[in-house]
There are 2 protein chains.
Amino acid sequence: MDKDRYHHGDLANALIAAALAAVERDGVADLSLRSLAERLGVSRAAPYRHFPDRDALLAAVAARGFEALCEGYETALATPGNGVQALRAATRFYMDFASGRPGLHGLMFHTDFLTRTPPPAVLIPPANRAYDLLMRLVSATIPDADDRARKARTITVWSTTFGFVALRAAGRFKPFMRDPLEDAEIEAAILDAVAPLGAASAASPVLEGVARGLGFLKAEALETGLQFRTDRRFDVDGAA
Amino acid sequence: MDKDRYHHGDLANALIAAALAAVERDGVADLSLRSLAERLGVSRAAPYRHFPDRDALLAAVAARGFEALCEGYETALATPGNGVQALRAATRFYMDFASGRPGLHGLMFHTDFLTRTPPPAVLIPPANRAYDLLMRLVSATIPDADDRARKARTITVWSTTFGFVALRAAGRFKPFMRDPLEDAEIEAAILDAVAPLGAASAASPVLEGVARGLGFLKAEALETGLQFRTDRRFDVDGAA
DNA sequence: TGGCAAATGTAAGCGGCGACAACATGGGGG
DNA sequence: CCCCCATGTTGTCGCCGCTTACATTTGCCA
């Protein structure tokens with residue numbers, strides 16, 4: 001019988017898989033290395049042969065999550081057409097990812113240990129790659145923007161999508177609304193805030209108008225976007 | 001000497017204050033009721049006379065946070081002018097609040113126990129009030145929108161601002177960018193995504209166009225907004 | 001092929017924590 | 001004035017992260 005072997009065989013990966021399942025089932029706070037070890041039929045100290053501490057295991061799980069996220073972003077990037085459909089596909093994928101694996105997504109973004117400086121080393125490459133892919137996706141929708149505008153827009157898009165899935169996962173929307181919106185309705189609003197249809201391809205005059213304004217996505221609005229915004233601030237917002 | 005009294009006097013509030021300070025200093029994960037009790041010169045079990053468990057104390061601290069947030073929103077709501085300046089002021093306040101008290105903000109939004117159903121009872125009234133105030137702030141910037149559009153826009157605004165402060169607090173932006181944007185630059189982009197200048201008061205034709213389109217804010221864009229979006233999806237987005 | 005060193009797993013224990021139970025204290029209302 | 005009960009204390013249990021000392025297996029090299 002394999003289970004009676006002294007050596008497990010692939011305890012590191014088994015731990016990651018078991019941790020992912022446990023996090024998905026009970027949340028990250030209730031995860032213990034002892035219970036994981038017991039579940040895998042291994043002694044309490046065995047996990048420490050593969051991960052220096054609990055946070056290192058969680059970081060490894062989160063790294064897998066970022067890799068999965070990158071995969072989704074890459075397939076989205078291959079979406080034909082102008083960049084808008086690609087960004088919408090990526091955003092959809094991200095929303096599905098976060099709602100389909102809430103534990104993993106929470107581990108990737110909510111967790112305290114991620115905020116420590118510096119972040120765990122295993123996390124940096126896949127997280128960097130996810131950011132790069134997102135920036136490419138966003139940049140394709142604002143072809144004429146300069147680098148700073150691309151960064152600002154990427155951060156805005158990232159903030160909106162992440163904020164939405166985080167708040168939804170936390171169940172923040174329904175309790176506060178009588179007659180709450182349908183999930184699909186909210187998702188559509190988020191999608192349109194992130195990558196409005198018609199932004200890079202004029203579909204109709206109305207849509208074109210929407211696209212023109214929405215988040216300074218179109219070239220003419222963008223070209224001097226940051227400048228006029230900065231200038232304006234002293235005139236209008238400075239009074240606030 | 002007061003400190004030698006058998007009864008503390010106001011242990012409940014002292015615990016909340018000490019917990020807030022400890023969370024702000026070391027993060028929520030490292031907070032223990034024992035250390036709090038010791039710091040207050042009280043036995044380890046004393047806190048349990050005032051809070052049934054650790055989460056209840058944390059919820060009480062979070063409730064204070066939501067009350068502070070409501071205060072800021074209320075003063076923002078009194079900002080003169082059209083609603084845009086008020087929403088911008090509120091958003092500024094929220095960003096300052098989150099960066100000035102990152103521990104408290106994290107407790108209010110990141111914490112696992114908040115996702116449980118139902119949320120702690122002490123949290124519901126102030127959290128509801130914060131949501132209502134935000135919805136009023138947002139609605140003032142889209143005077144012609146109907147109820148569903150207000151809700152959708154509120155959620156979008158909330159997602160964007162929350163996502164931004166959460167990701168910034170987690171230090172997510174700087175590691176991924178060479179030549180990162182200044183904080184003020186990013187904040188300006190977020191502010192413009194949430195409450196663009198000129199949205200409710202036409203300052204210039206260009207700005208008016210921006211305002212018209214931004215997130216189906218104006219009535220004419222909204223009326224058939226959800227329909228055409230759903231229809232479109234099968235045509236354009238469905239290809240993804 | 002034989003043996004040895006590194007990799008891997010085990011057993012036991014330390015200190016800290018959340019939570020409960022039984023007991024002690026003292027301040028305010030009858 | 002006194003006693004009741006909110007408040008605080010001591011003792012205890014179980015779980016956890018992590019470390020140390022020891023046992024077994026694997027794979028590599030002479």
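So you know, we letter chains A, B, ... as the sequences are listed, proteins then strands, and number each from 1.
Separating the CG atom of B:Asp30 from the C1' atom of C:dG18 is a distance of 15 Å, rounded to the nearest angstrom. In this structure, the CZ atom of A:Phe51 is 19 Å from the C1' atom of D:dT19, given to the nearest Å. Atom CZ in B:Arg54 sits roughly 13 Å away from atom C1' in C:dG16 (whole-Å rounding). For the pair A:Asp55 CG and D:dC16 P, the interatomic distance rounds to 16 Å; values are reported in whole Å. Distance B:Arg49 CZ to C:dT25 P: 15 Å, rounded to the nearest Å. Rounded to whole Å, atom P of C:dA19 lies 13 Å from atom CG of B:Leu36. When the C1' atom of C:dC17 is taken as reference, atom CZ of B:Arg34 falls 5 Å away, rounded to whole Å. Rounded to whole angstrom, the span from the CD atom of B:Glu38 across to the C1' atom of D:dT9 amounts to 15 Å.
Other residues, nucleotides and ligands contribute only 12 or fewer heavy atoms inside 6.0 Å of the CD atom of A:Glu38.
The base of C:dG13 sits with one of its N or O atoms less than 3.5 Å from a complementary donor or acceptor on the side chain of A:Arg44.
Within 4.0 Å of B:Leu57, counting heavy atoms only, lies no atom of the nucleic acid at all.
The side chain of B:Ala45 lies closest to C:dC20 when the candidates are C:dT10, D:dG17, C:dC20. Side-chain proximity of B:Leu11 to the nucleotides D:dT9, D:dG8, C:dT10 is greatest for D:dG8.
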* Begin from the C-alpha positions of A:Trp158 and B:Phe164 and carry the test ring pair (Phe, Tyr, Trp, His ring centres under 6.0 Å) through to its verdict. => CA-CA 8 Å; A:Trp158 187 9; B:Phe164 167 64; over 10 Å; no
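Listed pair B:His50 / D:dG8 meets the phosphate criterion, a side-chain N or O lying under 4.0 Å from OP1 or OP2. Within the 4.0 Å cut-off from OP1 or OP2 of D:dC15, not a single side-chain nitrogen or oxygen of A:Ser32 is found.
Ring-centre distance between A:Phe109 and A:Phe66: below the 6.0 Å cut-off.
Each of A:Leu58, A:Leu15, A:Leu104, A:Leu107 was checked for a side chain to side chain contact (heavy atoms under 4.5 Å, CB included) with A:Leu20, and the lone residue meeting it is A:Leu104.
Note on ring orientation: taking the six-membered ring where Trp is involved, the planes of B:His105 and B:Phe97 are perpendicular (angle over 60°, cut-offs 30° and 60°).
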